[in-house]
Amino acid sequence: MTTPEFRQEVESIVKSIPKGRVMTYGQIASLAGSPGAARIVGGIAHFGDPDLAWHRVVNKQGGLASGYPGGRSAHKMALEKDGVIVSTNYKVNVKDAIWWPSNENH
DNA sequence: CGAGTGACCGCAA
DNA sequence: ATTGCGGCCACTC
């Protein structure tokens, strides 16, 4: 079976993202066991379970994804609806909104 | 079944 | 500061 544990890990991590916080693709990929497979996270995000909060996932720059259904505006609205502050340029404050499980106290 | 693509990241010049 | 390239795994056609 070659269980795609990578995707399972990614989904589990995305489900573990608390409300009002966001994570980066690279961080999720690293936690999933493959640092550098950030692209895969994006690929899973596009065809993964819609029940997950992919809108809480942003890139390392804190910028919103470009392939989000509805565009960045919908993504921005979804984040603000969760309590995440998004800049006018569709970017979240990496120093305040990004959630780091290994260093959440920053 | 085979090949290509993808919502990214990091480094080098 | 910007631009260009390679790399990873899973999913779709």
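Just so it is clear: chains get the letters A, B, ... in the order the sequence lines come, proteins before strands, and each one is counted from 1.
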K.L.:
With distance as the sole test, does A/Ser30 use its side chain to make a donor-acceptor pair with the main-chain N or O of A/Gly26 at under 3.5 Å?
P.N.:
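Such a contact is absent between A/Ser30 side chain and A/Gly26 backbone.
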K.L.:
Could you tell me the separation between the CD1 atom of A/Ile40 and the P atom of B/dG6, rounded to a whole number of Å?
P.N.:
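Taking atom P of B/dG6 as the reference, CD1 of A/Ile40 is at 13 Å.
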K.L.:
Round to the nearest Å and state the distance from A/Ile13 atom CD1 to C/dA10 atom P.
P.N.:
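Answer to the nearest Å: 14 Å.
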K.L.:
Please state how far atom CG in A/Asp49 lies from atom C1' in C/dA10, giving the value in whole angstrom units.
P.N.:
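A/Asp49 atom CG is separated from C/dA10 atom C1' by 14 Å.
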K.L.:
The criterion is salt bridge (charged side-chain N to carboxylate O under 4.0 Å, His left out); which residues satisfy it with A/Arg72, sequence neighbours excluded?
P.N.:
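Result, salt bridge (charged side-chain N to carboxylate O under 4.0 Å, His left out) vs A/Arg72: none returned.
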K.L.:
Minimum heavy-atom separation for A/Phe6 to A/Ala32, with atom names?
P.N.:
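Answer, listing the atom of A/Phe6 first, then A/Ala32: CE1-CB, 3.6 Å.
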K.L.:
Are the side chains of A/Met77 and A/Lys81 in touch, meaning some heavy atoms are under 4.5 Å apart?
P.N.:
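When only atoms from C-beta onward are counted, A/Lys81 and A/Met77 do not touch, as no gap falls below 4.5 Å.
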K.L.:
Heavy atoms under 4.0 Å is the rule here; annotate nucleotides 7-13 of chain B 5' to 3' with B where the base is hit, S where only the sugar-phosphate is, and - elsewhere.
P.N.:
BBSS---
K.L.:
Please list every donor-acceptor pair under 3.5 Å in which a side-chain atom of residues 55-69 of chain A meets a protein atom from a residue at least two apart or in another chain.
P.N.:
unit_1: A/His55; atom_1: NE2; unit_2: A/Asp82; atom_2: OD2; d: 2.8
unit_1: A/Arg56; atom_1: NE; unit_2: A/Asp82; atom_2: OD2; d: 2.8
unit_1: A/Arg56; atom_1: NH1; unit_2: A/Ile17; atom_2: O; d: 2.9
unit_1: A/Arg56; atom_1: NH2; unit_2: A/Asp82; atom_2: OD2; d: 3.2
unit_1: A/Asn59; atom_1: OD1; unit_2: A/Gln61; atom_2: N; d: 3.0
unit_1: A/Asn59; atom_1: OD1; unit_2: A/Gly62; atom_2: N; d: 2.8
unit_1: A/Asn59; atom_1: OD1; unit_2: A/Gly63; atom_2: N; d: 2.7
unit_1: A/Asn59; atom_1: ND2; unit_2: A/Gly63; atom_2: O; d: 3.1

